**Student:** 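Dropping the structure in here first, questions after.
These figures come from a predicted structure and were not determined experimentally.
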Amino acid sequence: MQARRVYDAVIIGSGAAGGMAAKELTERGHTVLVLEAGPPVNPQRDFSSHKWPYEAMYRGFGPPGWKQNEQWMQDTAGDFSRHFYIKDTEHPYTTDPGKPFLWVRARIVGGKTLHWGRLSWRLSDLDFKAASHDGFDVDWPISYGEIEPYYDRAEEFIGVSGNNDGLWYQPDGKFLPPMKLTCGEQLLRRGAEKLGRAAITSRVAMLTGVKAHHQRYGRALCHYCGHCGDGCDVGAMFSSVSSTLPVAAATGKMTLRPNSVVRHIIIDTNTAKAKGVAYVDRLTHREYEAFGKVVIVAASTLESTRLLLNSRSRQHPTGLGNSSGVLGHYLVDHFGGINGFGVFPTLGDRESVNEDGKAAGLFIPRFQNLDDKTRHPKFLRGYGFECSSGQRMFPGVARGIDGFGSEFKQQVRRRYLTPVFTTVRASMLSRFDNFVEIDPGGVVDAWGIPVLKVHIQHSDNEREMAKDAAGATEEILRAAGAEMISAGGQITAPGRIIHELGTARMGDDPKKSVLNKYNQVWDCPNVFVTDGAAFVNSANQNPTLTILALTMRACEYMSAEMKRGNL
Amino acid sequence: MTQRATTGAVRKLHSIHFLAAEREFRGSIELGVNRYKVAFIPASVAVTDGKLEITGDVAITGKGRSPLSAKSVRATLASVQAGIGAAPPAPARFATRRLGPQANPDLPRTEATDATGFAGTLYFHLSPINRRTLGIPVDMSRVQMNLRLAPTSQTERELQWLFSAAAAALLGTTQDQALAREYADEIQRLLTS
């Protein structure tokens with residue numbers, strides 16, 4: 001009989017949270033088993049950093065019908081990156097009729113860090129203490145001051161380019177040099193500033209400077225090739241594959257097992273604590289168990305909650321960590337879809353230049369409900385704008401131009417040199433009635449594991465915010481001297497922004513939250529959830545940097561508790 | 001890590017992905033290096049005990065083997081996944097009906113939701129199929145049919161609207177079996193005409 005190995009920690013997932021947990025724990029001397037549901041990744045084979053569309057049989061658009069028939073919810077998957085994403089044919093989830101949720105999932109070593117947007121913003125006490133500002137819902141159990149040192153460490157480790165801009169509600173950090181703004185982005189910044197709006201260079205997890213700890217693992221400077229979503233083969237962009245997993249592997253204390261789809265967490269019937277996980281091999285369908293003193297759930301927001309809900313036992317009859325009844329609840333996603341599009345006539349006569357490989361554009365941070373003076377009468381919280389201006393390889397602007405012949409070509413050429421685009425990134429209120437549950441109809445995935453049913457809808461708070469954003473974006477574009485082409489749009493379906501958060505929220509009260517302030521499950525202290533599931537609210541900033549910082553903090557605590565013999 | 005003892009030597013087949021293609025549903029099963037084409041050919045559609053049921057034959061073909069089929073397999077709708085994108089237009093007979101409530105016209109609406117919402121994928125449970133009937137080495141005692149609706153023809157678009165309407169009538173906030181039966185009859189007419 002095979003000897004049963006007990007790891008210090010079993011980590012479920014190898015994306016941002018799982019990779020960081022592996023790094024943090026192995027560096028502290030702990031042994032970890034990382035279980036990844038998807039295949040291993042080989043950058044040389046799987047990344048398409050420098051491929052041109054004409055090198056693909058379907059010119060980068062993929063085989064006819066592929067998206068609609070196989071990966072219909074994998075919105076950001078492209079011909080060169082679709083192997084980073086799951087196939088919807090094997091991974092169902094359900095919703096109420098007419099209430100869609102767009103769930104983008106990566107099951108592969110590295111997870112969504114292989115193709116994430118890389119925007120790296122800190123939250124501030126405007127977000128952590130949002131309830132104290134406006135009375136809605138509850139505050140996070142941590143303050144900005146408590147997480148600030150971990151933001152510092154996370155930024156320095158992953159490498160974030162950006163400026164210190166001196167905005168209290170968008171805290172500064174430890175940055176590499178910023179990427180430069182294009183001419184159009186500078187015009188837009190001036191326009192925003194005329195209206196009293198801050199407009200800052202986006203902060204992105206891209207190496208614009210290489211430090212020793214980057215160089216040690218082969219990470220190189222960004223060379224602006226623009227293929228970030230197809231896998232970055234020089235490691236300029238932060239991913240688990242370029243950054244955290246190599247550090248963990250170098251310690252010799254990490255075992256990484258790809259193709260391992262975790263079914264549930266195994267509970268010790270005597271102690272009610274976790275003793276390991278049960279998983280199935282994705283390819284052979286054989287069943288396995290693995291054992292650890294601690295289980296870290298880092299499978300991505302909704303996969304983590306699905307796993308907890310599927311981990312029912314005598315001691316945890318409604319799912320692991322669900323004695324409060326809030327597991328699965330308070331689901332949020334940012335929304336987009338309210339866009340501004342215009343052209344800068346003053347840029348129409350310039351020469352065409354190569355400016356399409358830059359990852360960072362301009363960001364207009366939230367400017368509503370910061371204080372009494374900016375309080376909005378119709379909605380709580382707020383939104384910002386992600387903005388860009390410049391030429392792209394494919395003249396997408398042509399799609400919005402009517403006509404044909406030489407006049408059409410002239411129009412395309414003119415707009416090709418001058419476009420400016422803004423899109424909203426807005427918060428969604430955390431509401432109990434936006435939730436996930438195990439599908440009551442009994443739907444399962446290809447491995448027989450019960451799937452989630454997602455219930456989520458926007459409220460009038462989001463709709464009022466969207467209406468305001470449509471007006472604000474036009475105002476900013478006009479102030480910048482842009483000729484308007486369009487402003488407004490539809491709110492994106494929940495999930496489309498790929499910032500699904502909450503459902504296993506942290507809190508101060510075990511009766512109203514799933515996790516304590518160290519991401520530790522109240523009901524089962526040797527289980528931690530360190531991904532986006534832990535969020536109390538969405539704020540309006542991209543969440544990954546906060547996930548990394550929370551994971552670092554949780555692992556520091558976990559390691560200390562293990563050394564004290566408490567776990 | 002340790003391997004758990006498995007119960008029984010035959011692997012369980014949990015789900016088959018199908019694509020609605022005109023009047024039948026087409027899918028495939030991969031078992032190791034073997035790939036089989038599967039078709040579900042609907043014969044009747046009904047609402048029974050508040051659930052949408054499609055009864056039909058499941059036919060399977062594979063390289064170097066004779067086609068086999070399981071007769072009168074019952075598919076019961078378990079759940080749906082709402083779709084993203086453009087909603088299918090209502091068939092002429094139901095032109096004045098909506099798939100959901102109209103949004104407040106004074107505020108921006110969420111894409112593909114309520115009146116513009118529709119079903120993108122339907123999940124059915126198939127009645128047990130004896131694996132020997134289809135001659136493939138898997139346990140098919142509880143197989144789920146994942147039916148993707150990605151229409152490319154008028155018939156497929158009409159079917160998507162009707163399936164969406166039937167699902168909304170049966171799985172929405174309030175169940176309306178009479179309305180669902182009306183849609184089921186029309187689905188039957190389209191699938192079997």
**Student:** Could you label the plane-to-plane angle of the A:Phe379 and A:Tyr383 rings as parallel, tilted or perpendicular, counting under 30° as parallel and over 60° as perpendicular?
**Tutor:**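 Correct class here is tilted.
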
**Student:** Looking at A:Arg306 and A:Glu303, does any basic side-chain N land under 4.0 Å from a carboxylate oxygen?
**Tutor:**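 Salt bridge flag = yes for A:Glu303 with A:Arg306.
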
**Student:** Using only non-hydrogen atoms and a strict under-4.5 angstrom cutoff, which residues of residues 129-148 of chain B touch chain A?
**Tutor:**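 From residues 129-148 of chain B, the residues near chain A are B:Arg142, B:Gln144, B:Asn146, B:Arg148.
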
**Student:** Is a side-chain donor-acceptor pair under 3.5 Å present for A:Tyr85 with A:Thr76?
**Tutor:**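 The criterion, which ignores hydrogens and geometry beyond distance, is satisfied for A:Tyr85 and A:Thr76.
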
**Student:** Counting only non-hydrogen atoms closer than 4.5 Å, can you tell me which residues of residues 98-112 of chain B sit against chain A?
**Tutor:**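 Result: B:Asp106, B:Leu107, B:Pro108, B:Arg109, B:Thr110, B:Glu111, B:Ala112.
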
**Student:** Based on non-hydrogen pairs under 4.5 Å, which of A:Val6, A:Val10, A:Asp96, A:Leu102 is most in contact with chain B?
**Tutor:**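 So the answer, after comparing A:Val6, A:Val10, A:Asp96, A:Leu102, is A:Leu102.
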
**Student:** For B:Asp49, is there an ion pair with B:Lys51 - N to carboxylate O distance below 4.0 angstrom?
**Tutor:**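 A salt bridge is absent here (no side-chain N lies under 4.0 Å from a carboxylate O).
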
**Student:** Taking side chain to side chain contact (heavy atoms under 4.5 Å, CB included) as the test, write out the residues that go with B:Leu179, two or more places apart.
**Tutor:**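 For B:Leu179 the side chain to side chain contact (heavy atoms under 4.5 Å, CB included) partners, ignoring immediate neighbours, are B:Arg97, B:Ala169, B:Asp176, B:Glu182, B:Tyr183.
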
**Student:** Just by distance, with hydrogens left out, do A:His455 and A:Glu437 show a side-chain donor and acceptor under 3.5 Å apart?
**Tutor:**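 Side-chain D/A pair, A:His455 to A:Glu437: present.
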
**Student:** Pairing donors with acceptors under 3.5 angstrom, does anything connect the side chains of B:Gln160 and B:Glu156?
**Tutor:**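 No, B:Glu156 and B:Gln160 have no side-chain donor paired with an acceptor closer than 3.5 Å.
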
**Student:** Given that the side chain runs from C-beta out, which part of B:Ala168 has a heavy atom under 4.5 Å from chain A: side chain, backbone, both or neither?
**Tutor:**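 Its backbone and side chain both get close to chain A.
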
**Student:** Of the listed residues (A:Pro440, A:Ser260, A:Ala466, A:Ala493), which shares the most heavy-atom pairs with chain B below a 4.5 Å separation?
**Tutor:**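 Result: the option with the highest number of such pairs is A:Ala493.
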
**Student:** Verify the distance criterion only: is there a donor paired with an acceptor across the side chains of A:Trp72 and B:Gln81 at less than 3.5 Å?
**Tutor:**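 Yes, because at least one side-chain N or O of A:Trp72 sits under 3.5 Å from a partner of the opposite role on B:Gln81.
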
**Student:** Compute both the distance and the angle, then confirm whether A:Arg257 meets the cation-pi test with A:Tyr279: under 6.0 Å from the six-membered ring centre, within 45 degrees of the axis.
**Tutor:**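 Not satisfied by the 6.0 Å and 45° rule.
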
**Student:** Given that the side chain runs from C-beta out, which part of A:Asn69 has a heavy atom under 4.5 Å from chain B: side chain, backbone, both or neither?
**Tutor:**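 Interface part for A:Asn69: both.
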
**Student:** Is there any residue in residues 55-62 of chain B with a non-hydrogen atom under 4.5 Å from a non-hydrogen atom of chain A, and which ones are they?
**Tutor:**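 Near chain A, by residue number: none.
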
**Student:** With a 4.5 angstrom heavy-atom cut-off, could you sort out which part of A:Asp445 is near chain B: side chain, backbone, both or neither?
**Tutor:**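 Looking at A:Asp445, just its backbone touches chain B.
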
**Student:** Is chain B contacted by the side chain of A:Glu90, its backbone, both, or neither, given a heavy-atom distance below 4.5 Å?
**Tutor:**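 Neither part.
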
**Student:** Hey, mind stepping through A:Asp75 and A:Lys67 against salt bridge (Lys or Arg N to Asp or Glu O under 4.0 Å) and telling me if it holds?
**Tutor:** CA-CA 9 Å; A:Asp75 184 44; A:Lys67 199 81 172 240; 5.4 Å; no

**Student:** Taking every non-hydrogen pair under 4.5 Å, which of A:Gly337, A:Gly488, A:Gly448, A:Gly65 racks up the most with chain B?
**Tutor:**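 Highest number of pairs under 4.5 Å: A:Gly448.
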
**Student:** With A:Ile456, which of A:Lys99, A:Met428, A:Arg431 fulfils side-chain contact (heavy atoms from CB on, under 4.5 Å)?
**Tutor:**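 The passing option is A:Met428.
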
**Student:** Does the plane of the ring in A:His334 sit parallel, tilted or perpendicular to the ring in A:His499? Use 30° and 60° as the thresholds.
**Tutor:**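 It falls in the perpendicular class, over 60°.
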
**Student:** Main chain of A:Tyr93, side chain of A:Asp439: is a donor-acceptor contact present, judged purely on distance under 3.5 Å?
**Tutor:**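 Between the backbone of A:Tyr93 and the side chain of A:Asp439 there is no qualifying donor-acceptor contact (under 3.5 Å).
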
**Student:** I'd like to know if the side chain of A:Glu462 pairs up with that of A:Ser459 as donor and acceptor (distance under 3.5 Å, no hydrogens or angles considered).
**Tutor:**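 Yes.
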
**Student:** Indicate the ring-plane relationship of B:Phe163 and B:Phe124, choosing parallel, tilted or perpendicular according to the 30° and 60° boundaries.
**Tutor:**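 Geometry flag for B:Phe124 against B:Phe163: perpendicular rings.
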
**Student:** Angle class for the B:Trp161/B:Phe94 ring planes (parallel below 30°, perpendicular above 60°, tilted otherwise)?
**Tutor:**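 Correct class here is parallel.
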
